Student: 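Shown below is the structure under consideration.
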Amino acid sequence: MRADPSILHVDLDAFFAAVEQRDKPSLRGKPVVVGGIGLRGVVSTASYEARKYGVRSAMSTAEARSRCPHAAYLWPRFEVYRATSQAVMAQMRALSPLVEPLSLDEAFVDLSAAGLHDLTVDDVEAIASDLKDAIKEASGGLTASVGAGTSKLIAKIASDLDKPDGVVVVPPGTEAEFLAPMQVTVIPGVGPATAQRLSMAGVRTVADLQLLDEDELIRQVGSAHGTSLHRLAVAADDRPVVSDRETKSVSIEDTFETDIIDRSLLTAISERMAHRVAERLRKAQLSGRTVTVKTRMHDFTTHTRSSTLPGPTDDPRVVARVARRLLDDSDISGGIRLLGVGVSSLADWIQDDLFTESEADEAAEAAIDISDVPVRPRERQAGYQPGQDVTHPTYGDGWVWGAGRGRVTVRFETRETRGPIRTFTMDDPELTRIEHRPADEESAAEAN
């Protein structure tokens, strides 16, 4: 354990929704929900205005619409989020060389790696405030909440206590007292099942957990989990901040608008997913040995099947072949609502001879024509989704307000400007989508 609160956890507030409000002035101060917009969509991020109506991440979009029908429901713009995230992470790395990103919108920062030692609570509050100002400027106005403490556990919990735009620094020596009144679910690894077992033993808060000895905890939740909980309950967390988080898997999954029972269609979709997974592996200069197929049935039961190859590969034919075999072994009689393909056991080298020329020829002959396979909106080359960026030679840049029945309505505004609302036919040649390049491609273009 550290002697000073030199670990920060920085969490951007309602990140995806905040980016949309930043770029769409008409949505500022109004409920915004980002995520899947179909019948089986899931909320990715809700603005704080939408959260007042009970909308939360991971909630079904259908339920969100019932709670907050007047919100703006937008399709995600991941390339824009990634570019903003890179600008924010750059500010953290300017503060310390040791930054551990957890996702696009959160990271740990180790102040001791920047040569900052013997920090007081006031020192850290001032550092956090300066960092928040730098993030706001670099991101175009986004806010962040910062927690700080002597461990990653304390910093992460603290960052959630004064949202949005807050700073909470936990003084050294007060960690156990800080955790005590909180619900036991605040401890990492205590999900609904573990919480229920602990509740049956009379443990509902961290204070209750602190009263149990290690042997009793092991009897309640098992050896490995009990030992970990016993330590974390008193904030005994010495995990270091690690700058390079190893990628453990690469996967893609989709939830379908209607349950699919056509095996040939599912096979075709799995092949498309396998090719997309392989493409991501190659871009990351990775390969993998274990191929996994995930299926969620009509009754919401979820099954995974995996197969491990003798060596790692990034060949889409190999991934597709294994995925197809795993899918063939799956029972789809009741219908599939979700299908996923992933590759794990990653490496940075390739086993060249996993797919022989004869197997390649067989795969080519057996390949299914997937040109007519229905795809999710994010894969479509035509059509428009709410929130998507578009441009018009007369009206300039704007975003899709709504689309359907052969027409698309656009609100012409940018981060700095507001303009009119106009409706066009879907095939209007003057209305085109703005394709955002990945942030690394943009950086390369600027360098050239």
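The first residue of the sequence shown is numbered 1, and numbering continues consecutively from there. As the structure is a prediction and not an experimental result, all values here were calculated from the model. Heavy atoms only: backbone and side chains are in, while hydrogens, waters and symmetry mates are out.
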Student: Show the numbers, then the answer: is there a salt bridge (Lys or Arg N to Asp or Glu O under 4.0 Å) between E79 and R82?
Tutor: CA-CA 5 Å; E79 296 305 339; R82 289 189 184 99; 3.1 Å; yes
Student: Quick one: do S103 and D105 satisfy side chain to side chain donor-acceptor pair (under 3.5 Å)? Show the steps, please.
Tutor: CA-CA 5 Å; S103 61; D105 61 345; 2.6 Å; yes
Student: Please test R56 against V43 for side chain to side chain contact (heavy atoms under 4.5 Å, CB included), starting from the C-alpha separation and ending with a verdict.
Tutor: CA-CA 7 Å; R56 295 288 184 271; V43 173; over 6 Å; no
Student: To the nearest 0.5 Å, how far apart are CG in D314 and CZ in R280?
Tutor: 15.0 Å
Student: Are any of the side-chain nitrogens in E435 or R433 under 4.0 Å away from the carboxylate oxygens of its partner?
Tutor: yes
Student: Carefully, step by step, assess R93 and L98 under the rule side chain to side chain contact (heavy atoms under 4.5 Å, CB included).
Tutor: CA-CA 7 Å; R93 293 189 175 98; L98 192 49; over 6 Å; no
Student: Counting N and O atoms only, with roles assigned by atom type, does the side chain of Q91 sit under 3.5 Å from a partner on the main chain of D133, one being a donor and the other an acceptor?
Tutor: no
Student: What is the minimum heavy-atom distance between D118 and D123, and which atoms define it?
Tutor: O-OD2, 4.1 Å
Student: Apply side chain to side chain contact (heavy atoms under 4.5 Å, CB included) to the pair L339 and V293, showing each step before the final yes or no.
Tutor: CA-CA 7 Å; L339 179 66; V293 167; 4.0 Å; yes
Student: Applying side chain to side chain donor-acceptor pair (under 3.5 Å), run through T414 and T417 and close with a yes or a no.
Tutor: CA-CA 5 Å; T414 66; T417 64; 2.7 Å; yes
Student: Kindly compute the distance separating CZ (R296) from CG (L338), expressed to the nearest 0.5 Å.
Tutor: 5.0 Å
Student: Tell me whether T150 contacts the main-chain N or O of R2 through its side chain, where contact means a donor paired with an acceptor under 3.5 Å.
Tutor: no
Student: Can you measure from NE2 (H230) to CD1 (I187) and round to the nearest 0.5 angstrom?
Tutor: 12.0 Å
Student: Do the non-hydrogen side-chain atoms of E125 and V168 ever get within less than 4.5 Å of each other?
Tutor: no
Student: Ring-plane angle category for F78 and Y81, please: parallel below 30°, perpendicular beyond 60°, tilted otherwise.
Tutor: perpendicular
Student: Indicate whether any N or O donor in one side chain lies under 3.5 Å from an N or O acceptor in the other, for S96 and D110.
Tutor: no
Student: Ring of F424, cation from R407 - is the NZ or CZ under 6.0 Å from the centre and inside 45° of the axis?
Tutor: no
Student: If we check side-chain contact (heavy atoms from CB on, under 4.5 Å) with W399, which of these qualifies: V390, V410, L74?
Tutor: L74
Student: Please check this pair: side chain of T45 against backbone of A17, looking for a donor-acceptor N/O pair closer than 3.5 Å.
Tutor: no
Student: Taking A18's backbone N and O only, do any of them form a donor-acceptor pair with E20's side chain (distance below 3.5 Å, no angle check)?
Tutor: no
Student: Between R317 and D315, does a salt bridge (Lys or Arg N to Asp or Glu O under 4.0 Å) hold up when you go through it step by step?
Tutor: CA-CA 5 Å; R317 299 168 300 176; D315 191 322; 2.7 Å; yes
Student: A side-chain contact here means heavy atoms from C-beta on lying under 4.5 Å apart; do C68 and Y73 qualify?
Tutor: yes
Student: Return the minimal non-hydrogen interatomic distance between V33 and A71, and the atom names on each side.
Tutor: CG2-CB, 4.1 Å
Student: So, the side chain of E100 versus the backbone of V242: is there a donor-acceptor pair under 3.5 Å, distance only?
Tutor: yes
Student: Would you please test T143 and L12 for side chain to side chain contact (heavy atoms under 4.5 Å, CB included) and show each step?
Tutor: CA-CA 6 Å; T143 64; L12 293 169; over 6 Å; no
Student: Which atoms form the tightest heavy-atom contact between P101 and A107, and what is the distance?
Tutor: CA-CB, 3.7 Å
Student: How far does CD1 of I336 sit from OG1 of T295, to the nearest 0.5 angstrom?
Tutor: 4.5 Å
Student: Taking atom CD of E63 as the centre, does the number of heavy atoms from other residues, nucleotides or ligands within less than 6.0 Å exceed 12?
Tutor: yes
Student: Between T308 and T290, is there a side-chain donor-acceptor contact under 3.5 Å, judged purely by atom types and distance?
Tutor: yes
Student: Measuring from atom OG of S129 to atom CG of L131, what distance do you get when rounded to the nearest 0.5 angstrom?
Tutor: 9.5 Å
Student: Are T391 and T432 linked by a side-chain donor-acceptor pair shorter than 3.5 Å?
Tutor: no
Student: Do Y395 and L431 have side chains that get closer than 4.5 Å, going by heavy atoms?
Tutor: no
Student: Take D11 and K156 through the salt bridge (Lys or Arg N to Asp or Glu O under 4.0 Å) test and state the conclusion after the steps.
Tutor: CA-CA 9 Å; D11 192 1; K156 185 168 176 58; 5.8 Å; no
Student: Does any part of the side chain of V341, heavy atoms only, come nearer than 4.5 Å to the side chain of T292, both counted from C-beta?
Tutor: no
Student: So which atom in V291 and which in A323 form the shortest heavy-atom distance, rounded to 0.1 Å?
Tutor: CG1-N, 4.1 Å
Student: Quick check: closest heavy atoms across L119 and D4, and the distance to 0.1 Å?
Tutor: N-OD2, 3.2 Å
Student: Do side-chain atoms of R67 reach the backbone of G54 as a donor and acceptor pair under 3.5 angstrom?
Tutor: yes
Student: Take T185 and Q183 through the test side chain to side chain donor-acceptor pair (under 3.5 Å) and record every step on the way to the result.
Tutor: CA-CA 5 Å; T185 50; Q183 293 296 305; 5.6 Å; no
Student: Answer with yes or no after comparing the ring centroid distance for Y53 and H70 against a 6.0 Å cut-off, counting only values under it.
Tutor: yes
Student: Does K294 use its side chain to pair, donor to acceptor, with the backbone of T304 at less than 3.5 Å?
Tutor: no
Student: Have E413 and S26 got a donor and an acceptor in their side chains that come within less than 3.5 Å?
Tutor: yes
Student: Please report the shortest heavy-atom distance between P181 and E177, naming the atom on each side.
Tutor: CD-O, 3.4 Å
Student: Is there a side-chain contact between E175 and L179, using heavy atoms and a 4.5 Å cut-off?
Tutor: no
Student: Quick one: CG on L104 to OG on S85, what's the gap to the nearest 0.5 Å?
Tutor: 4.5 Å
Student: Between R28 (side chain) and R22 (backbone), is there a donor-acceptor pair under 3.5 Å?
Tutor: yes
Student: Taking C-beta and beyond as the side chain, do P393 and E430 meet within less than 4.5 Å on heavy atoms?
Tutor: yes
Student: Does a side-chain heavy-atom distance below 4.5 Å link H9 with K152?
Tutor: no
Student: Using modelled atom types and a 3.5 Å cut-off, is there a donor and acceptor pairing between side-chain atoms of S6 and backbone atoms of L111?
Tutor: no
Student: Is it the case that the side chain of S344 and the backbone of S249 share a donor-acceptor pair, with hydrogens and angles ignored and the cut-off at 3.5 Å?
Tutor: no
Student: Below 4.0 angstrom, N of the basic side chain to O of the carboxylate: do D237 and R239 qualify?
Tutor: yes
Student: Hey, mind stepping through D428 and R422 against salt bridge (Lys or Arg N to Asp or Glu O under 4.0 Å) and telling me if it holds?
Tutor: CA-CA 12 Å; D428 190 314; R422 295 289 184 268; over 6 Å; no
Student: With the side chain counted from C-beta on, respond yes when H117 and S112 share a heavy-atom pair under 4.5 Å apart, and no when they do not.
Tutor: yes
